[in-house]
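So the structure is just underneath, and the comments pick up after that.
Both backbone and side-chain heavy atoms feed into the values below; hydrogens, waters and symmetry mates do not.
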Amino acid sequence: MTKLSDRYSPQEVEKRIYAWWTENNYFSGADKSTLPPFSIILPPPNVTGSLHLGHALDHTIQDVLVRWKRMSGFNVLWLPGTDHAGIATQSVVEKDLKKKNLFRTQLGRDQFVEKVWEWKNQYGDHIVEQMKRLGESCDWNRLCFTLDEGVSKAVRKVFVSLYEKGQIYRGKKLINWSPGLESAISDLEVEYIEVKGQLYYIKYPLEDGSGELTVATTRPETLLGDVAVAVHPEDERYASWIGKNVHLPLTQRKIPVIGDESVDREFGSGVVKITPAHDFNDYNLGLKHQLPQINILNKNGTLNDSCGVYTGLSVVEARKRLVSDLEQQNLLIKTEPHTHQVGHCSRSGWVVEPLLSEQWFVRMKELAGPAQRVVESGTITFEPESWTKTYLHWMEIIQDWCISRQLWWGHRIPAWTCLKCLKLTIAEEDPKRCQHCAHEELQQDEDVLDTWFSSALWPFSTMGWPEETETQKTFYPTSVLVTGHDIIFFWVARMIMMGLEFKKDVPFRKVYIHGLIRDANGKKMSKSSGTALDPVKLIDEVGADALRFTLISQLAAGRDLKFSLPRLEGYRNFMNKIWNAARFSLQALNDFKVMTPEEEAQLNKNNLSTHDKWILFKLGVCEKEVEFYLNQFRFSESAQSIYEFVWHQFCDWYLELIKPSLQGPQNSERVMSQWVLAQVLNRVVRLLHPFAPFISEEIYQMLPVKSKACILEVYPTVRTDRSLLAFGDEASAQTMDIVVAVITAIRNIRGENRIKPGLKITVRLSPSDDKSQKILGANKAIIMRLAGLDHCEVGPAASLSKCALSPIRLHSSAVDVIVPLEGLVDLKIEVQRIHKNLEKLKRDFVTLEQRLQDKSFLKQAPEEVVRQGHEQLITLKSQMSTLEEAARRLS
RNA sequence: AGGGAGUUAGCUCAGUUGGUAGAGCGCCACCCUUACAAGGUGGAUGUCGCAGGUUCGAAUCCUGUACUCCCUACCA
């Protein structure tokens, strides 16, 4: 065997192992299989983006699930893909062109889109490569891209179908407009930011000269689009003016005063100007009162040519000019500081302008109904469950979805206008002639679809829909969707709607929502603030397994998590610990003779040592916990359970316990120890595999007994390991608990009394019953070795003077650990130590005694609790009196 | 404004049917004990945000309250 380094170096291992997995096609899901299916679709990341910690978390969760299910006998498909991310990608390419002083308008649509494809082809593999570094076991042969031919077909089919049903329509409505992108954006893409602004009080003189109304507004520049002034109909101050007209300042227009109950009498002056083309409330009010709509803005956010002298100014400049003009004409009464929420474009950062424009919309109400019901009925469940409420609330208040974007990169809307009859032709295939008049000059709609439109179809469009495919038969609906809570509405809800509409079935049965990653200060990690950690860099430093383990172990159900670098280091250390434990074990198994199944069947439990039976018992406990937690998506707890078992049972105790027999002569004890060690190490790497796939596979490959690959192995459970775990038993576990307690007690006395580790000492163990006597007798050698003793007597205590003492009471055994200190140390320290322990016991004793004297407790509490209390009290009393006695002898 | 979440050891956080408070990191002491100093052994550390209530018993259930955070919808 080659000598293994005492430090685990993940870089080399990960690269080699990953290549080996993919060469052997271990990640591929079978379209036809007798095994039960388990499928996940990967939320497609931005194709030209790079992996951030949020992805790393999201993907690790999925990989844990997928590897676990694959090992548990499922036919697993984890379907990967990337998203064209319309706005984001187009912006990146535009920025790049800008460096060369080029603008997309100069290139024209076709050339620009070609440039974006070039960009995609150049950088599109980047994120996929990064995902591989994390160890993701996606079926890469099925990698999809949202602009692939198949997916695009699905997009068109869905669009046409929804259009024909009247679910998609084109209309002129007020929408959120990003002047930065010069495109419409959906409600969800608007980010409200608190802004300190001004509230301007402006005079609107009455037409008949009988007075004036004072209008309060935060946006004086939209005055040019005012079509009315509204007051509350019951507002005594103004009610009589309803129906009259006012002069719109700085213009020649006269506009009516209307009454509407939505006006808040308390706010500002109680008079509000109505600008239907640039405010959502006013828009609705305008429709209600049948007011005209006056658009005053260009697409780039400047004032349009209806604005006279203000034409061409930006909103901000126009505001300044307008305010100063009002001031000059004595129409500005006052300004007040005013803080309010202003919508910003989440992509470009520009202030969003509500703008009247011709767009495509999806009617959501009808689609939302079924999507609501499948969640209410529990066909789809959220984990954690609390997101159900959020989801349902959103479905209640859902608005029509604006799906057209004035971009070039994306799925172009399959709508053609006939240049002759001006009617629309909507078709899956590019039409040759107008559906209505058969004219051949058609012009395709310039807009593309919102990226989320194609994402909404992802669960079935990636499986070959609209063709009927085996993939869909086997893997749709998918088993679980894993994603962050930030895209429940963008994505999860819309997939549910589309799945129900087009597949007549939910796209997934379970939605696992995890938290978002935050930096050390709890802030959202972002590139701009420089707080973003690059997961690939972390992988370079500590390995993918350590990163995965860190993410998983910090993951609490549905809560955001702060990423902690010290913790990452801790799990790096854990990987190293595993590495070294394996190194040691493999060396010890150097001459291990692999048993035939027949030989294994002959094995007798009686030939196993107590600690062998103990570790197998603990292994069983661990396997049980891991399965229990994984079934409930409690990832951190399953990872912690493995961590605890591997480090604190297997490494700390078991490996120490078996050293003598491993280093001893080749006898039956040694053979048995080797066998148990080989079995346990084998289970350890298999248990670890979903969480730490690389190191587990690497070690697995060196095991004396193995099949092809760890990734293909059976995940250990109490069922699959029934015959192995039958060798463990609880009695041995309890025995070992006592032995461990005795060793710890001696170490404690040594440590507290500063007895040099190298110094071998004598200990007397005084058991109070036959059972304890036997246990101590049988494990004397172990105790001596692990506690550093040169003499150990088991028997009744002779003299307690000048001795340290610790009474152990465990599993109905009682042992007094007595360490003669004569000549070794200052006895005062031991007296202090005993008093410290005594005080703690006394506190516990008093609390417990009080409780047990309480009549209502005795009456009401379950018998079991009362019984345990009494037992505990006796134990405490016995320990206390022993310690008191010891203290008396010492002082 | 409405909804949700959080408040536990110096730090980051566990604690799922209410029964004597846990982990990791950090800290202190001792140790290069031939798997591992990215290690070992031992130790210290908490009126579980505050105030009530239910209960024999509350970190855990209920009510109120303070602070923090998130989401949703608004104020012209």
Side-chain angles (χ1 to χ4, degrees), chain A residues 4 6-8 192 199-200 215-219 222 230 262-264 266-275 279-282 338 340-341 386-387 389-390 393-394 397 485-486 488-489 515-516 518 520 522 524 542 546 553-554 556-567 569-588 632 634 636-637 640 643-644 651-652 655-656 659 663 743-744 747-758 786-788 833 836 843-844 847-848 851 854-862 864-866 868-869 872 876:
Chain A
L4 299 171
D6 63 354
R7 290 229 175 160
Y8 174 55
Y192 287 91
L199 192 57
Y200 301 86
V215 170
T217 179
T218 54
R219 304 203 50 192
T222 62
S262 68
V263 178
D264 180 355
E266 308 298 318
F267 189 89
S269 60
V271 184
V272 56
K273 63 194 212 47
I274 306 298
T275 323
D279 182 281
F280 286 96
N281 283 328
D282 295 3
H338 179 71
H340 59 144
Q341 305 276 323
S386 58
W387 289 105
K389 214 173 153 182
T390 313
H393 176 246
W394 190 70
I397 59 162
H485 57 67
D486 51 338
I488 292 179
F489 308 138
L516 273 27
R518 303 188 177 273
K524 209 169 172 172
V542 301
S553 70
Q554 280 191 268
R559 281 183 48 181
D560 290 352
L561 58 95
K562 285 186 206 168
F563 190 80
S564 146
L565 279 173
R567 204 153 167 162
E569 209 173 304
Y571 289 111
R572 189 265 323 253
N573 295 354
F574 178 50
M575 294 306 140
N576 198 50
K577 186 77 181 176
I578 294 165
W579 182 249
N580 278 295
R583 208 160 57 95
F584 170 78
S585 305
L586 292 168
Q587 190 196 347
Q632 295 182 48
R634 287 157 69 176
S636 62
E637 282 149 297
Q640 286 306 325
Y643 180 94
E644 221 284 323
C651 292
D652 285 355
L655 291 184
E656 294 304 324
K659 273 180 184 173
Q663 285 153 5
I743 293 166
T744 306
R747 285 172 174 172
N748 174 275
I749 291 170
R750 297 188 68 128
E752 295 267 293
N753 282 295
R754 309 285 138 76
I755 299 171
K756 288 235 174 322
L786 294 184
R833 189 188 71 90
K836 195 180 67 189
R843 259 178 315 206
D844 293 349
T847 329
L848 190 60
R851 192 140 54 106
D854 188 330
K855 283 197 184 109
S856 27
F857 171 75
L858 295 172
K859 218 165 108 187
Q860 306 272 349
E864 175 68 8
V865 174
V866 177
Q868 277 175 5
Q872 182 67 18
L876 284 172

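A straight line from CZ of A:Phe857 to C1' of B:rG19 spans 7 Å, rounded to a whole angstrom. Here B:rA73 presents its P atom at 7 Å from OH of A:Tyr192, a figure rounded to the nearest Å. Per the geometry, CG belonging to A:Leu561 stands 15 Å off C1' belonging to B:rG24, to the nearest Å.
No option in A:Met575, A:Lys577, A:Arg572 other than A:Met575 meets the side chain to side chain contact (heavy atoms under 4.5 Å, CB included) test with A:Tyr8.
The C1' atoms of B:rU7 and B:rU12 are separated by 14 Å, rounded to the nearest whole Å. Between the P atoms of B:rU60 and B:rC48, the separation comes to 10 Å (whole Å). Nucleotides B:rA29 and B:rC71, compared at atom P, are 46 Å apart to the nearest Å.
A:Ser553 and A:Tyr571 share a donor-acceptor pair across their side chains, judged by distance under 3.5 Å alone. Neither side chain, A:Glu644 nor A:Gln640, offers a donor N or O lying under 3.5 Å from an acceptor on the other.
Where A:Arg747 and A:Asp854 meet RNA chain B, the nucleotide closest to each residue was compared, and A:Arg747 sits on the side nearer the 5' end. Both A:Gly751 and A:Phe489 lie near RNA chain B, and the one whose nearest nucleotide falls closer to the 5' end is A:Gly751.
Separating the NE2 atom in A:His485 from the CG atom in A:Asp560 is a distance of 4.0 Å, to the nearest 0.5 Å.
Across all strands, A:Asp652 comes closer than 4.0 Å only to sugar-phosphate atoms, never to a base (heavy-atom distances). Note on A:Ser564: nothing from the nucleic acid sits closer than 4.0 angstrom, heavy atoms only.
Pairing of B:rG18, defined by two Watson-Crick or G-U wobble distances under 3.5 Å, is not identified with any nucleotide. In this entry B:rA23 has B:rU12 as its Watson-Crick or G-U wobble partner, both defining distances falling under 3.5 Å. As the counterpart of B:rU55, no nucleotide is assigned, since no Watson-Crick or G-U wobble pattern has both distances under 3.5 Å. B:rG49 and B:rU65 make up a base pair, with Watson-Crick or G-U wobble contacts both under 3.5 Å. Under the Watson-Crick or G-U wobble criterion, with both distances below 3.5 Å, B:rU72 is paired with B:rA1. Using N1 to N3 plus N6-O4 or O6-N4 for Watson-Crick, or N1-O2 and O6-N3 for G-U wobble, each under 3.5 Å, B:rU34 pairs with nothing. Using Watson-Crick or G-U wobble geometry with both donor-acceptor distances under 3.5 Å, B:rA29 finds its partner in B:rU41. Nucleotide B:rU60 is matched to nothing when pairs are restricted to Watson-Crick or G-U wobble geometry with both distances under 3.5 angstrom.
Proximity of A:Arg567 to the phosphate of B:rU12: no side-chain N or O atom is located under 4.0 Å from OP1 or OP2. Dashed line: the shortest gap from a side-chain N or O of A:Lys389 to OP1 or OP2 of B:rG4 is under 4.0 Å. Between A:Lys577 and B:rG40 there is a side-chain N or O to OP1 or OP2 distance below 4.0 Å. The side chain of A:Asn573 places an N or O atom within less than 4.0 Å of a non-bridging phosphate oxygen (OP1 or OP2) of B:rG39. Here A:Lys836 reaches the OP1 or OP2 of B:rA44: one of its side-chain N or O atoms lies under 4.0 Å away. Listed pair A:Asn748 / B:rG43 meets the phosphate criterion, a side-chain N or O lying under 4.0 Å from OP1 or OP2.
Interface remark: the A:Lys859 side chain does not form any donor-acceptor pair with the B:rC56 base, using a distance-only criterion of under 3.5 Å. No hydrogens or angles were tested; on distance alone, nothing pairs the side chain of A:Gln860 with the base of B:rU55 as donor and acceptor under 3.5 Å. At a cut-off of 3.5 angstrom, the base of B:rU16 holds at least one donor-acceptor pair with the side chain of A:Arg634.
Under a 3.5 Å cut-off, the side chain of A:Arg750 and the backbone N or O of A:Ala787 do form a donor-acceptor pair.
Taking the centre and axis of the six-membered ring of A:Phe584, the NZ or CZ atom of A:Lys659 falls inside the cone set by 45° and 6.0 Å.
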